[in-house]
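Data block below; observations after.
Keep in mind that what you see is a predicted model, and the values were worked out from it rather than measured. Computed from heavy atoms alone, side chains included, the values below leave out hydrogens, waters and symmetry copies.
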Amino acid sequence: MLGFRTQMPWSSAQASPQEQLCEGTAAVVAARQGMETPLKEVAEAFEELARGMEADAGELRLAPFGETCALVSVLFSSLGMAFRFAEIEYVTKVNDLIGAGKSYRTLSDILDKDIENDSVKKQGSHSRNLRRVRLGLGLIKALFEQFLATDGCSLYDAATTAYGQVCAPFHSWAIRKAVGAGMYTLPSREQLIVRLNETDCSVQKEMRRYIDASSPIIEYIDNLFLSRNISLDW
């Protein structure tokens, strides 16, 4: 479906950390190119990822997960400067997981390794970055849910509520204040639909597809931590 999804050399396990970071960045950049209907393509990618998880007996492989998550950066970008903070952090964390996909097969593998090294919550660990990427996926999902909840709901209201639910509990007062101010720069509901190259009808269909397809992925990640007695309050 998307060229880079089959062209990235995931089988190479000999790349240095610097090379991994560069290739990870390239993957995120590639994700932004040639997407005429980004929302539709992101929804399709998550549906494909969910099917792959089912085919792998409920295991989620890290390499395709990183590739799919890279596409979501385009959705953050469509929200403009208000979510620039989230986009930058999200892309950085995705880059790390894409690089880790060369050495680890599944999401479980990176979490188990960090548990072994007592580094799950350590700054820069793969597990911590996985947790942050999961919050990014959840933020977009919550925003779409709010967007669809009421006809004519403004993007400002949808984004403010979504941020308050998903990210605000983990941010300092200073960050929350800056985000609140940035919300006033969000595009209008109509402008977002145009940026996504959708219509009022099609955008609702594709948002629901993303919500439905990303939900089992988000739940799976949460359960990875909870099943190892790692809380989600961080």
Side-chain angles (χ1 to χ4, degrees), residues 28 31-32 35 37-43 45-46 68-94 128-222 225 231-234:
V28 174
R32 296 175 179 273
M35 297 176 68
T37 51
L39 177 55
K40 178 181 179 180
E41 296 191 44
V42 170
F46 272 91
T68 302
C69 289
L71 302 179
V72 179
S73 65
V74 182
L75 302 183
F76 278 114
S77 181
S78 70
L79 297 170
M81 291 303 297
F83 275 72
R84 181 62 174 163
F85 77 97
E87 181 185 6
I88 292 172
E89 179 178 18
Y90 179 85
V91 168
T92 300
K93 298 341 182 198
V94 170
R128 185 180 180 87
N129 289 339
L130 174 61
R131 175 72 182 137
R132 293 298 177 263
V133 168
R134 176 261 180 263
L135 289 177
L137 301 180
L139 178 60
I140 294 294
K141 175 176 174 286
L143 190 155
F144 287 173
E145 288 172 338
Q146 292 299 318
F147 190 90
L148 297 174
T150 307
D151 289 339
C153 174
S154 72
L155 187 56
Y156 172 87
D157 289 340
T160 300
T161 301
Y163 173 76
Q165 291 175 347
V166 178
C167 295
F170 310 106
H171 286 168
S172 67
W173 175 85
I175 292 178
R176 294 197 302 270
K177 183 177 180 180
V179 171
M183 291 294 185
Y184 291 100
T185 68
L186 281 165
S188 67
R189 181 188 181 97
E190 292 73 21
Q191 287 171 330
L192 177 63
I193 292 173
V194 170
R195 290 183 183 184
L196 295 173
N197 201 22
E198 301 286 351
T199 66
D200 191 53
C201 290
S202 69
V203 78
Q204 296 183 49
K205 173 186 174 182
E206 301 306 333
M207 283 184 177
R208 289 193 181 94
R209 286 181 69 188
Y210 173 84
I211 291 168
D212 291 342
S214 65
S215 291
I217 305 300
I218 292 171
E219 181 179 1
Y220 174 85
I221 297 171
D222 285 349
F225 289 94
S231 66
L232 304 178
D233 57 349
W234 54 288

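Looking at every heavy atom in both residues, Val166 comes nearest to Gly138 through CG2-O, 3.8 Å. The two atoms that bring Lys93 and Arg132 nearest to each other are CG-CB, 3.7 Å, heavy atoms only. Scanning all heavy atoms of the two residues, the minimum distance from Ala213 to Ala43 falls at CB-O, 4.1 Å. Across Met183 and Ala159, no two heavy atoms sit closer than the pair CE-O, 3.6 Å. Smallest separation of non-hydrogen atoms from Ser77 and Glu87: CB-OE2, 3.6 Å. Considering every non-hydrogen atom in both Gly182 and Ala82, the closest pair reads O-CB, 3.1 Å.
In this structure, Glu206 CD and Cys201 SG are separated by 12.0 Å, a value rounded to the nearest 0.5 Å. One finds the OG1 atom of Thr185 at 12.5 Å from the CZ atom of Arg84 (value rounded to the nearest 0.5 Å). Rounded to the nearest 0.5 Å, atoms CD (Gln191) and CD1 (Ile193) are 10.5 Å apart. Taking CG of Leu137 as the start and OG1 of Thr68 as the end, the distance is 10.0 Å to the nearest 0.5 Å. For the atom pair CG of Asp212 and NZ of Lys141, the computed distance is 9.0 Å after rounding to the nearest 0.5 Å. Taking CG from Leu148 and CD1 from Ile211, the interatomic distance works out to 5.0 Å, rounded to the nearest 0.5 Å.
For the pair Val203/Leu192, no side-chain contact is recorded, criterion being any heavy-atom separation below 4.5 Å from C-beta on. You'll find the side chain of Leu139 reaches within 4.5 Å of the side chain of Cys167, heavy atoms only. In this structure the side chain of Gln204 never reaches within 4.5 angstrom of the side chain of Phe144, judged on heavy atoms. Between Val72 and Ile140 the shortest side-chain heavy-atom distance falls below 4.5 Å.
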Verdict with supporting geometry, Leu155 and Leu143, side-chain contact (heavy atoms from CB on, under 4.5 Å): CA-CA 8 Å; Leu155 187 56; Leu143 190 155; 3.9 Å; yes

Start with the C-alpha distance between Arg131 and Leu232, add both sets of side-chain angles, then the distance that settles side-chain contact (heavy atoms from CB on, under 4.5 Å), and finish with yes or no. CA-CA 8 Å; Arg131 175 72 182 137; Leu232 304 178; 3.7 Å; yes

Would Glu41 and Leu71 count as a side-chain contact (heavy atoms from CB on, under 4.5 Å) here? Give the steps. CA-CA 8 Å; Glu41 296 191 44; Leu71 302 179; 5.7 Å; no

Under the side-chain contact (heavy atoms from CB on, under 4.5 Å) rule, what do Met207 and Glu198 come out as? Steps first, then yes or no, please. CA-CA 11 Å; Met207 283 184 177; Glu198 301 286 351; over 6 Å; no

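Tyr90 contributes a side-chain N or O that, together with a main-chain N or O of Cys69, makes up a donor-acceptor pair within less than 3.5 Å. Formation of a donor-acceptor pair under 3.5 Å by the Thr161 side chain with backbone atoms of Asp157 is found in this model. Judged by distance alone, with hydrogens and angles left aside, the side-chain atoms of Arg209 form no donor-acceptor pair with the main-chain N or O of Lys40 at under 3.5 Å. Although no hydrogens or angles enter the test, the distance criterion places a donor-acceptor pair under 3.5 Å between the side chain of Ser78 and the main chain of Leu75.
The aromatic rings of Tyr210 and Phe46 stand perpendicular to each other, their planes meeting at an angle above 60°, with 30° marking the opposite boundary. Ring geometry, Phe225 versus Trp234: the interplanar angle exceeds 60°, so the pair is classed perpendicular (tilted spans 30 to 60°).
Take Tyr156 and apply the ring pair (Phe, Tyr, Trp, His ring centres under 6.0 Å) test, not counting sequence neighbours, and it matches Tyr184.
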